[in-house]
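Before any comments, here is the structure.
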Amino acid sequence: FQWLEVEGPLIEQWPSTGHQLLFGDLSIQDGPKPGASVVVASTDPDKDTQSLVRNFMTAAYRRPVTDEETAPFIAIAEKARASGFDFTDSLIAAYTGILSSPAFLFFDEKPGPLDDRALANRLAYFLWNSPPDAELLALAEAGKLRDPAILKAQTNRLLDAPKSRRFVDAFLDYWLDLRLIANVAPDAELYPDYQLDDLLVDSLTDETRLFFAELLQRDLGVANLVASDFTMLNERLATHYGIPDVHGIALRPVKLAAESGRGGLLTQASVLKVTANGTTTSPVLRGAWIMSRLLGKPSPPPPASVPAVEPDTRGATTIREQLAKHRSEDSCNTCHRNIDPAGFALESFDVMGAWRARYRSLGAGEKVPGIGHNGLYYHFALGPPVDPTGELPDGRKFQNITELKTLLLTDPEQLARNLTRQLAIYATGAPVGFSDRPQIAKILETTRDGGYGIRSILHALVQSELFLHK
């Protein structure tokens, strides 16, 4: 048994926000079976049904509704009540129908320039993952939201609110694959020192989310995505990275030494865990992640007839040796020459993102003494040394991750272009096509002098036709 968490119900106000949305200010009372259920009391069910359904539909549809739109759902409630359901359940039947209707499930966006109400929806769901609040709706109803100065002010307001954490979390889940963080766990034989380490797992995900939020809040440039002079650490994560003098459980910005090798997304434990399989690391997976997620240059999928490279956990061969044999085929080398080099630099980090100089193996090698968090003795050994050197397709060579970062930073515009595309896809739900290239170029031109600040890129996107049109 690891832990137990109990939450709520914590009643901070009554009627609660949810109760007001569903039942207005109507009171509740015991149902037919006292102590087992409650119902909402109404002295005029017909009148209350009409007003409550209209109020709920207005919130669900994110706009005023007409009598013609409310009539079918009022009829559902009345039919349910006539069939023997009480007032409460008859309303829930109507609400269920509303939440299943296209007007709730889809945005009402017509091709061309978005009207103010559609723009309010797009902005709120982009940055808050929720419907527009009263201030946004009021500006939309007044026809003022498309004014560039007002739109910028509202974008800043949404970004500065606590709800913007929803955007950071959801966007990084999509862009960096953080939603896959729990898909695999470190192998119990090769990595017993990571077993049952819930604090580390929680901390490494929060590091990346808080790091991006810091870049966004301070409008730091896209170069920080590759190499930054700080990251977000607590004591457990700092110990994992070998960084001294960080104490406590709270994550906060920590200045990094130039020789630390950390900084940027590439060397954060969350990314390194997502791009490993829990048993071994693969330059192919990590290299493909860099090319696709960071540089926006995805590689085509491998031919179906080509078998995958199986990891050798016995330590007889290194992954570099296995890939050298795999790349001897011209059809394989065409893609791997672009993917693998960047991945080789990340071989200096294990499946949980800790620094290593040698691989672990379950075969011959120098046995490592110790006891894991699971209480069992270590059974792994230190295998061959890690070789993080490589050569990019254009002939530029690197000796380690630090030198690879330096090479990647020679083209910050590529980083900015990819981030802009990723934000545009997330914000609009539409792919960025060939005809959208002028808009992307305009955003890059607008933000170039500021080092492609991430908040500046987001503002430029919101003001662009990519965001303002469908």
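This one's a predicted model, so the numbers in the text were calculated from it and none came from an experiment.
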Separation of [Y] [atom2] from [X] [atom1] (nearest 0.5 Å):
X: Arg165; Y: Leu159; atom1: CZ; atom2: CG; answer: 14.5 Å
X: Leu392; Y: Leu404; atom1: CG; atom2: CG; answer: 6.5 Å
X: Thr231; Y: Glu214; atom1: OG1; atom2: CD; answer: 10.0 Å

Quiz item: Within a strict 4.5 Å, meaning less than it, do heavy atoms of the Met352 and Leu272 side chains meet?
Solution: no
Practice problem: Return yes when atom CG of Leu199 has more than 12 non-hydrogen atoms of other residues, nucleotides or ligands closer than 6.0 Å, and no otherwise. | Solution: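 Above 12, so yes.
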Presence of salt bridge, [Y] and [X], under 4.0 angstrom:
X: Arg358; Y: Glu366; result: yes
X: Glu413; Y: Arg448; result: yes
X: Glu141; Y: Arg117; result: yes
X: Lys144; Y: Asp116; result: no
X: Lys273; Y: Asp177; result: no

Quiz prompt | Contact list for residues 204-231, test ring pair (Phe, Tyr, Trp, His ring centres under 6.0 Å), sequence neighbours left out | solution =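 Those involving residues 204-231 are Phe171-Phe212, Phe211-Phe230.
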Just list the side-chain donor-acceptor pairs under 3.5 Å for residues 118-127, sequence neighbours left out, or say none.
residue	atom	partner	partner atom	Å
Arg122	NH1	Phe467	O	2.8
Arg122	NH1	His469	O	3.2
Arg122	NH2	Glu109	OE1	3.0

Exercise. Flag the pair Trp175 / Tyr426 as yes when their ring centroid distance falls below 6.0 Å, and as no otherwise.
Key: no
Exercise. Name all residues meeting the ring pair (Phe, Tyr, Trp, His ring centres under 6.0 Å) criterion together with Trp128; count only those two or more places apart in sequence or in a different chain, and write none if there are none.
Key: none
Quiz item: What residues form a ring pair (Phe, Tyr, Trp, His ring centres under 6.0 Å) with Tyr452, not counting sequence neighbours?
Solution: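 Applying ring pair (Phe, Tyr, Trp, His ring centres under 6.0 Å) to Tyr452 gives none.
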Quiz item: Going through the distances and angles, do Asp115 and Lys110 end up as a salt bridge (Lys or Arg N to Asp or Glu O under 4.0 Å)?
Solution: CA-CA 9 Å; Asp115 61 33; Lys110 298 176 175 60; over 6 Å; no
Practice problem: Not counting sequence neighbours, which residues clear side-chain hydrogen bond (donor to acceptor under 3.5 Å, both in side chains) with Asp436? List them please. | Solution: none
Quiz item: Name the one of Lys163, Arg62, Arg157 that satisfies salt bridge (Lys or Arg N to Asp or Glu O under 4.0 Å) with Asp133?
Solution: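 The single option meeting the salt bridge (Lys or Arg N to Asp or Glu O under 4.0 Å) with Asp133 is Arg157.
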Quiz item: Counting distance only, does the side-chain N/O of Gln195 pair as donor-acceptor with the main-chain N or O of Pro186 below 3.5 Å?
Solution: yes
Exercise. List the atom of Gln422, the atom of Ser292, and the distance in Å for their closest heavy-atom pair.
Key: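 It is NE2-O, 4.2 Å.
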Quiz item: Among all residues two or more places apart in sequence or in another chain, which pass the salt bridge (charged side-chain N to carboxylate O under 4.0 Å, His left out) test with Asp202?
Solution: none
